[in-house]
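Have a look at the structure below before the remarks.
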Amino acid sequence: MRRELAGDVGRAKEMDETVSEFFRRTILKIPMTEMMTILKTWNFLSENQLQTVNFRQRKESLVQDLVLLCEENRASLKDAALLDIIYTQFHRHQKVWDVFQMSKGPGEDIDLFDMEQFKSSFKKILKRALKNVTVSFRDAEENAVWIRIAWGTQYRKPNQYKPAYVVYYSQTPYAFTSSSQLKSNLPLLGQALTIASKHHQIVKMDLRSRYLDSLKAIVFKQYNQTFETHNSTTPLQERSLGLDINMDSRIIHENKIEKERVQRVTQEIFGDYPQPRLEFAQYKLETKFKSDLNGGILAEREEPLRCLVKFSSPHLLEALKSLAPAGIADAPLSPLLTCIPNKGMNYFKIRDK
């Protein structure tokens, strides 16, 4: 009896140390400039408790003081997971996000949606299939919920330091997931999302970026509203064309007409507002070798020729938008480059028709 009791106490102590270490690592990665903002958003430590902490001391000492306060408040794993969600919301661009699209079955109507029911169903599905998994939620703006999933296995406890994140917008067919190292859990995650949101099936879109807000703007077709700017109504003819006043008037006239044409075409394609932010677009080409000449090394080749072209930029769509006005490319650009927001894709496969 005493041994069993001692074992239970030991396990409880070990659990406390595990949670404390989780808090320590989470707080340690928060930048000092954001520490107070994130802690207040978390709202677990009281204002009086925060006032007792010296936020000007060395970070290691600060973290130790905050962990002690968490222990005094008997913080749980759930509280630590919530703090980690808030940190990730502040630093969402540090992750790479994939987009999943769900669909209803034939003849299925839109059901009334209840967020609490969604959370309960989502968690039950994962727990039923995998005993060692931790699921945490935090409601966000625009009827969105952030889901944090720490995956384990049938024999190992969940790894709290490599969680997957899902952002789901209620009553929409879209979910955004951070890329996870455990690819084997993707089918289970898709099943939980589909059933909990009352959809029929789910597919991964050919769309990926670090900028979650831009992905959301693309799939919801909100980029012409979300990224509105103060000068978007300025008429094209009022904008400076950057012409040399000493140039021949005929050259000026021709340049002005061409520049106005380029500006007009660019505006028609991209709109007159900043573009959603993507870092790359990738094109895989597969084509059969074609030649009018008889013979040749590749004439009888049955396998298609393959190549990969990747365009990269810190802000790809804005870079593409500036090519023609800068005189680097002809206007209009190829539809393969300009269709990215409308198609909701930045991975393309090009094959022979």
Side-chain angles (χ1 to χ4, degrees), residues 81 85 88-89 92 95-152 158 163-223 225-226 276 278 339-349:
I85 293 176
T88 303
Q89 288 177 315
R92 59 188 73 183
K95 297 188 175 297
V96 177
W97 298 91
D98 293 310
V99 187
F100 285 81
Q101 184 175 22
M102 295 174 283
S103 59
K104 296 282 186 180
E108 286 186 2
D109 296 326
I110 298 176
D111 298 305
L112 292 175
F113 185 86
D114 182 276
M115 182 61 81
E116 295 308 313
Q117 185 179 352
F118 168 85
K119 294 177 186 176
S120 176
S121 176
F122 183 91
K123 191 170 184 177
K124 282 179 182 177
I125 293 166
L126 292 188
K127 289 277 189 180
R128 197 180 300 133
L130 189 62
K131 184 178 75 170
N132 290 320
V133 63
T134 303
V135 185
S136 308
F137 303 94
R138 184 170 192 262
D139 294 334
E141 76 291 342
E142 299 178 16
N143 297 319
V145 60
W146 279 64
I147 310 170
R148 181 186 186 276
I149 308 163
W151 298 105
Y165 283 90
V166 179
V167 184
Y168 174 64
Y169 288 80
S170 65
Q171 296 179 295
T172 78
Y174 297 104
F176 307 85
T177 70
S178 64
S179 297
S180 174
Q181 294 180 342
L182 297 175
K183 304 295 184 185
S184 59
N185 289 326
L186 272 178
L188 177 57
L189 177 59
Q191 181 185 18
L193 276 170
T194 307
I195 296 174
S197 64
K198 299 180 179 178
H199 283 86
H200 183 68
Q201 67 180 106
I202 186 169
V203 295
K204 184 178 177 182
M205 296 178 64
D206 293 319
L207 184 63
R208 171 184 280 195
S209 174
R210 291 186 179 277
Y211 298 96
L212 180 61
D213 293 340
S214 290
L215 293 176
K216 179 173 73 79
I218 288 172
V219 298
F220 293 151
K221 306 295 182 185
Q222 293 175 334
Y223 37 84
Q225 300 164 12
T226 307
L278 298 174
C339 72
I340 293 171
N342 288 332
K343 285 189 176 292
M345 298 170 62
N346 60 345
Y347 285 86
F348 294 87
K349 292 181 180 178

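Numbers here simply count residues along the sequence, with the first being 1. This one's a predicted model, so the numbers in the text were calculated from it and none came from an experiment.
Between the T194 side chain and the G190 main chain, a donor and an acceptor come within less than 3.5 Å of each other. With hydrogens and angles ignored, the 3.5 Å screen pairs no side-chain donor or acceptor of S121 with any backbone N or O of Q117. Looking at R92, its side chain does come within 3.5 Å of a backbone N or O of Q89 through a donor-acceptor pair. Side-chain atoms of K221 come within 3.5 Å of backbone atoms of N342 as a donor-acceptor pair (strictly under, hydrogens ignored). Within the 3.5 Å criterion, the main-chain N or O of S178 finds no donor-acceptor partner in the side chain of D98.
L207 places none of its side-chain heavy atoms less than 4.5 Å from the side chain of Y347. F118 is listed as a side-chain neighbour of I147, based on a closest heavy-atom distance under 4.5 Å. Within the 4.5 Å cutoff, the side chain of L278 has heavy atoms near those of the I218 side chain. Contact check for V145 versus M115: side-chain heavy atoms found under the 4.5 Å cut-off. For the pair F348 and C339, the minimum side-chain heavy-atom distance is below 4.5 Å. Under the 4.5 Å side-chain criterion, counting only non-hydrogen atoms from C-beta, K216 is in contact with E142. Counting heavy atoms from C-beta on, the side chains of I149 and P163 never come closer than 4.5 Å. Within the 4.5 Å cutoff, the side chain of V166 has no heavy atoms near those of the W146 side chain.
More than 12 heavy atoms of other residues, nucleotides or ligands lie within 6.0 Å of NZ in K119, so this atom counts as buried by the packing criterion. Heavy atoms of other residues, nucleotides or ligands lying less than 6.0 angstrom from NZ of K349 number 12 at most.
A donor-acceptor pair shorter than 3.5 Å can be found between the side chains of T88 and Y165.
Residues Y169 and T172 share a closest heavy-atom pair of O-OG1, 2.7 Å. The minimum heavy-atom distance linking P173 with H199 is given by the pair CA-NE2, 3.9 Å. Taking both residues in full, the closest heavy atoms of A196 and I125 are given as N-CD1, 4.3 Å, listed atom of the first, atom of the second, then distance. Taking both residues in full, the closest heavy atoms of V133 and L126 are given as CG1-O, 4.0 Å, listed atom of the first, atom of the second, then distance. Among all heavy-atom pairs drawn from L130 and G152, the shortest one is CD2-O, 3.5 Å. When every heavy atom of F100 is checked against every heavy atom of I202, the shortest pair comes out as CB-CD1, 3.8 Å.
Here T134 pairs with Q160 under the side chain to side chain donor-acceptor pair (under 3.5 Å) rule; sequence neighbours left out.
Aromatic ring centres of Y174 and Y168 lie farther apart than the 6.0 Å criterion allows.
Taken from CZ in R128 to CD in Q191, the straight-line distance is 9.0 Å, to the nearest 0.5 Å.
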Evaluate T177 against W97 for side-chain contact (heavy atoms from CB on, under 4.5 Å), listing each step before the verdict. CA-CA 5 Å; T177 70; W97 298 91; 5.6 Å; no
